[in-house]
Structures are given as C-alpha cells and as structure tokens.
Amino acid sequence: MTIDKQLRDSISLGLSELYDIQSNSEDLTLQPTRKEFQGTHTFVTFPVAKKAGKNPQVIAEELGNYLTKNDPLTASFQVVKGFLNLSLHDNLWLEKLADIAGEPDWGQTPANQSMAVVEISSPNTNKPLHLGHLRNNFLGFSVCNILEAAGYTVKKVCIVNDRGIHICKSMVAYEKFGNGDTPEKLKVKGDHFVGDYYVKFNQEFKQQVREIVASGADQKEAEKNAPILKDAQQMLKNWEAHDPPTLELWQLMNQWVYDGFEITYKIIGANFDQIYYESDTYLLGKDIVNEGLEKGVFYKKEDQSVWVDLSQEGLDEKLILRGDGTSVYITQDLGTADLRYQDFQFDRLVYVVGNEQDYHFNVLFKILKKLGRAYADGMYHLSYGMVDLPSGKMKSREGTVVDADQIIEEMVRTAEVHTRELGKIEGLDQEEAQKLYQTLGLGALKYFLTKVDPRKRILFNPEESISFQGDTGPFIQYTHARISAILRKARTLALPFDFDAAAISELHPTERSVIYLLNEYPNRIAIAASEFAPSVIAQYVYELAKDYNRFYADVSIFNEQDTNKQQFRVVLSAQTARIIKDSMRLLGIDVPERM
RNA sequence: GGUUCCGUAGCUCAACUGGAUAGAGCAACUGCCUUCUAAGCAGUAGGUUCGGGGUUCGAGUCCCUGCGGAAUCACCA
C-alpha cells in the first residue's frame, strides 16, 4: 500500500471517530506540503468544517493529535489555519528508499492487456522535415514510452502522405528544371533535393502569375490558370490513371525522400511498428459511405454528393464524398480508422496531429460515433500547438522554416563548443566525444520541445540558441553524470550499495525531499499517461535533478564518518541516477556517464 | 461573422485540476571551487495572473462579459 493511501485511510478513520463523518478515503484532499512549511503531506480541513460543525483550525489540531497517537506513519504535525501539515517518521522514508532500490521496475506498471495505437509523424513526401515535425515526433514517441510504462501495449504507426498535388508539384518542377540531376550527383540529402524542387515550383508559379497579371488578368484568375499549376494537376490525373512514366518518376522521387528521412529518423531515434502509405489507403472509406447512407446517418444531395449533418452535435453539415464519387480527406480517415481497428483491435487510438486539425478530428470522432463504432470512445486527438518563429508561422513554400537536420546539427555543434569551453573532454577519445555532443545536443532539443504543455504553441527564436543551463536537458544530463562520478568512486572504494535503515535516526531535509520525489515517480507516470503529456515527466525529472543538486551541495558523502550513512547516501544517489535515466528515457533522451 | 484554444515577472514556462504569502529558468546584481564534476549551489530584485462582474469559507483555475492573439469553419490535405 502506498503512503498516501495509508494516510488517507487513517484520516478517514479519524474523521469518523472524532466527528462521526463518513468519508471515502479516495475523496479526501491530500496534497504535497509547500516547501516553506514543515512536513510532506497536507490535509486541507476546510471541506469537512461544515459537517463537523467546528472551525477548520480546531479540526486540524484535533485531527493532528489523533494521527500522532493512532497513525503509525505520522511523527508530528503543524497547523497553519485550516491546513494540517504532517511529518512522517524518517524511518519510513528510509525504508521506502530500500523498497525502491529493491524494485527493479519502479515506475513501470505491469502490462494490463490494453492496447494503444499511436499515430505519429505522418510526413509529406515533397519536402524535408522541419522543427514542427520534430515536436510531433518527440511528443509522439514520448507518449508511447509513457503509455508503455503505464501498462499499455503500444503500437507506433505512421501514415506517409506520399500522393497528391504536393508531390506532383515537386515532380513537375523536377521534369522542367532537373536536368537529370540526382541527390547522389549533387551530394544533397534526398528529402532536401526533392524539397528544393517544391520551392522551385512555387517560384515559377509566382513568376507565371505575375506575367499573367501583367497581361491584364486579375490575380485569382491568374493563380488558377498558371501553366505550371495546370501541369501539376494533369500529373495528378496521370498518376490516378496509373500512367507508367508518371508512376516511375513518382517512385523515384519518393524513394529519394525516404532515403533522406531515414537518416533523420535514425538520428532522432524514430521507429515504427507499421507504416501506412496514403497511396494504398486513399480509396478506403467508400464502403463506409454506403453503410452511412443505409443507416440514414448520411444523405445524398441532387448532385450525388454525400453529406453528414452534425448540427445536432453543434457543428455544421460536412461533405463526405464529392458529387463525382471521389473521396475527400475525411472519407479516407473513416476508412483508415476501421483498418487500424482491424489490424490492432486497440483500446485507445491516439492521433498526434497539430491543433490546426482540431475541427477535423472533432468531426471524424462524431461521425464514427454516429455510425456506431464502439471503438470511437477510445479515440483521442493529441493536439499540439505550432512551433512559431518571432516572425510568425513557418511556411515551407516561402522557405521560412527551421529545418530539422540543420537545427539538430547546430545543437550538436553548440554542445561541442560548450563542452570544449568547459574543458570537459579529457579522457574521451574522438568517437566518445562525438557521441557525447550528439547526446547533449539532441537532449537539449528534445527537452526544449517536450517540456511545454502540448497544447501550447512554442516560440522558437533562432537568434538565441537553446540554452544548456537551468531548466534544460543538459542540466539534467549533467546531474546524472555527476552522480555517475560518485558511483564510480563508491565502487573503487568497494562500498556496498546497501544500508541499515534502522541505524539512521534523522534525515537531512534535502535527503527527505529526494526520497519523496523518488516515491512520487509512479504517480507522475500515471498522470502523464492519462493526460498524454510528456511535459509532466519533464517537470518531474527537472524537480528531481534540482533537489538532488541541493542535496549534493549541502551534504557530503565521502567525508561522512558514519559508514552506514555513507552507504545510505550512495544508495540515494544510485536510485536518483536510475530514475533520472528512466524519466529521460520516457522523453526519448539519453543521459551520459560523464560530461 | 460562428466555433475552439490561448493570455501568468522584461523573456520562456510552472502552479498536483478550487486551497496557504502565485513558483522555476533565462537576462541583471551579490556570494560560494585546496572538498564527490561550478553545465552547479545560495541569495537580491522582479506580479493589478489582460480588464470588469459573479459563484463560495477560498478563484490564475469555474460562470458571464469586454479586449487582445492563434487556429478553423473548402467538392484542399
């Protein structure tokens, strides 16, 4: 039983015996005591004051007395207004630490038979990844790790947007300006190579529009009639008609992009259990249209287009199928939802997709519900905010994006500069040093993008590089490296990683707060999982690192005369390192042994 | 215009889902390396939580309203 649970039970019993108030121990408000007061757990007595017919402060006093007498955990208490601050016996914390040390899977919930499918990344194949994609990936993979830690079986899936007008634009531009160049020839990463033609397309398009406008047409007309756009639209038709040369070019260019993506994915540690291609799935969902019509959920207009009326649900009418029988985005998404369920029989299906599609997913989920899909209740749109620049939104077409490969490279280089400045590369060979820079650079970037509440937009200023101090990935990594040094020393001194809890009478406050946080770990994972929020873990591990550093500054380990205490502090350090490492793993971040 | 989300220190973010005197980091200033890694620790300064009402023992958090920002409302994806 957890400490919290035991305390709640005792409080519940106390309320019953003192005031004859029956309460469910789950419902009692027990919160962490603020740092400026003594104690670890605080019970707020205001809510029971009315029932007890006494003022909150009196209740706190009486309940405090009751607990010190009757509850085996409570050592002492302090009352501030209606707040009852409880201090537990230090021995309890010492035993807790020993428990944690003896529990190799601390934080991990045993598999609970639930299956979660998470859709991550979903790139377009006409341009390289940018910072926004990185947020998507980091968030998505972290959520997978967190769900796994919370007991889910997790399947990571990716749907590659490999067909459509966007890739046709790159293809047309390549035909026109490519001169038979290849990524190999130009020594350019494949995804960048193809992306360059997407940019070229838009330049040419703009040029043509200008010319048409100059010859007297209005802007809208010109944009519609630009020859290069017509070419792209024709190419899409050719593609849909399975025109062999078009398919060949399409495959060639997509492959270049995949080769490029693979390099980036490898660096950031992305991997998938299943990859869906839109070219395979874009026709799905048409059978669902018929099903909807039969069930009377959808209806047909005179021009044969199919619609759903969601005005009852507070939305509007929404097109499901065009009059000419071709699908729209949502048709396909209905189909892939069914396909996913066929493939995995998931309990939860999480879409990691930006908040610009909030409305779309709202519609999708409501339709599936109307169609009577039982799995619809388990669907969740993990909607995250955009990564914006000081100048506003990133736009691929206009080249105002922060490129993923470039920012990663910059972060790694910054890590190298910092490390060299601090003179911390002694004893590392070239390869180890390089690996360290990568660990630190990526750690800084991943932490930067996962520590913020997913819903909020992130402002990224390229002028100021991501920091390595304070609330950052490297700070936490540094704490781990520091502890590693202590553990190395403990090993050379042949200190046993074990201690006698009963022989220690009092804890230093910093020791107590570190153990308190170690004990909190499973709790935080549960919260992070239920909210699909890696930021919960990021905050936790920062807090843990911060508290440990406080302990490190205040308390000496190897100057301690009492060897049992020395051993206790080594164990405390070892467990902290372990939980830091594991928390960071949940965020997808590696931690070094030295830095 | 309708809908949804957001607005907290100069900047970037927290606040355990309604609890105490709203906390961290960056930037600024002051201390601390002959000691286990100073990418650290301690301290100073910094706030009308966008404005105005309401709900209650208690509101940054819930409700209403105004202001500001973002997204979306396509036979686009």
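A/Lys565 meets the salt bridge (charged side-chain N to carboxylate O under 4.0 Å, His left out) test with no other residue; sequence neighbours excluded. Under the salt bridge (charged side-chain N to carboxylate O under 4.0 Å, His left out) criterion, A/Arg491 pairs with no residue at all, not counting sequence neighbours. For the salt bridge (charged side-chain N to carboxylate O under 4.0 Å, His left out) test, no residue two or more places apart in sequence or in another chain qualifies with A/Glu432. For A/Asp162, there are no salt bridge (charged side-chain N to carboxylate O under 4.0 Å, His left out) partners, not counting sequence neighbours.
Taking the C1' atoms as reference points, B/C33 lies 11 Å from B/U37, given to the whole Å.
Sorted by first and then second residue, the salt bridge (charged side-chain N to carboxylate O under 4.0 Å, His left out) pairs with a member in residues 477-486 of chain A form an empty list; sequence neighbours excluded. Counting only residues at least two apart or in different chains, salt bridge (charged side-chain N to carboxylate O under 4.0 Å, His left out) contacts with residues 34-51 of chain A comprise A/Arg34-A/Glu36, A/Lys35-A/Asp547.
Considering only side-chain atoms of A/Val80, the nucleotide from B/U12, B/C6, B/A20 that sits closest is B/A20.
Taken together, the paired segments of RNA chain B that extend over three or more consecutive Watson-Crick or G-U pairs, each closer than 3.5 Å at both contacts, are B:1-7 with B:67-73, B:10-13 with B:23-26, B:28-32 with B:40-44, B:50-54 with B:62-66.
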So if I define the base as every atom that isn't primed, P, OP1 or OP2, how would nucleotides 70-77 of chain B read as a B/S/- string at a heavy-atom cutoff under 4.0 Å?
-SSS-BSB
Restricting both atoms to N or O, compile the protein contacts to nucleotides 26-33 of chain B shorter than 3.5 Å, with distance only.
none

Can you name the atoms? Protein N/O to nucleotides 35-38 of chain B N/O, anything below 3.5 Å, with the distance.
| residue | atom | partner | partner atom | Å |
| --- | --- | --- | --- | --- |
| B/C36 | O2' | A/Tyr552 | OH | 3.1 |
| B/C36 | N3 | A/Ile557 | N | 3.1 |
| B/C36 | N4 | A/Tyr552 | O | 3.0 |
| B/C36 | N4 | A/Val555 | O | 2.6 |
| B/U37 | O2' | A/Tyr478 | OH | 2.3 |
| B/U37 | O2' | A/Arg482 | NE | 3.0 |
| B/U37 | O2 | A/Lys424 | NZ | 2.5 |
| B/U37 | O2 | A/Met595 | O | 3.4 |
| B/U37 | N3 | A/Met595 | O | 2.8 |
| B/U37 | O4 | A/Ala481 | O | 3.4 |
| B/U37 | O4 | A/Met595 | N | 3.1 |
| B/A38 | OP2 | A/Arg482 | NH2 | 2.4 |

Kindly give the atom pairs (protein nitrogen or oxygen, nucleotide nitrogen or oxygen) under 3.5 Å for nucleotides 54-63 of chain B.
| residue | atom | partner | partner atom | Å |
| --- | --- | --- | --- | --- |
| B/C57 | OP1 | A/Lys50 | NZ | 3.0 |

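With a glycosidic angle further than 90° from 0, B/C32 counts as anti.
Atom CG in A/Asn519 sits roughly 15 Å away from atom C1' in B/C16 (whole-Å rounding). If you measure from atom CD of A/Gln477 to atom P of B/G40, you get 12 Å, rounded to the nearest angstrom. Separating the NZ atom of A/Lys546 from the C1' atom of B/A14 is a distance of 14 Å, rounded to the nearest angstrom. Between A/His41 atom NE2 and B/G19 atom P there is a gap of 17 Å when expressed in whole angstrom units.
You'll find a donor-acceptor pair under 3.5 Å spanning the side chain of A/Thr42 and the base of B/A20, going by distance alone.
Note on A/Arg455: every side-chain N or O is 4.0 Å or more away from OP1 and OP2 of B/C5. Residue A/Lys451 has no polar side-chain atom (N or O) positioned under 4.0 Å from OP1 or OP2 of B/G25.
Nucleic acid contact class of A/Phe37 (heavy atoms, under 4.0 Å, all strands): base.
Within 6.0 Å of the NZ atom in A/Lys581, the count of heavy atoms belonging to other residues, nucleotides or ligands does not exceed 12. When the shell of 6.0 Å around CD of A/Glu560 is examined, it contains more than 12 heavy atoms from other residues, nucleotides or ligands.
Applying the 5.5 angstrom centroid cut-off and the 30 degree plane-angle cut-off, the aromatic ring of A/Phe83 is not stacked upon the base of B/G19.
For the segment residues 433-443 of chain A, the set of residues with a heavy atom within less than 4.0 Å of an atom of RNA chain B comprises A/Leu440, in numerical order.
No side-chain heavy atom of A/Arg594 sits less than 4.5 Å from a side-chain heavy atom of A/Lys424.
Counted by atom type alone, A/Tyr351 and A/Gln357 present zero donor-acceptor pairs between their side chains at under 3.5 Å.
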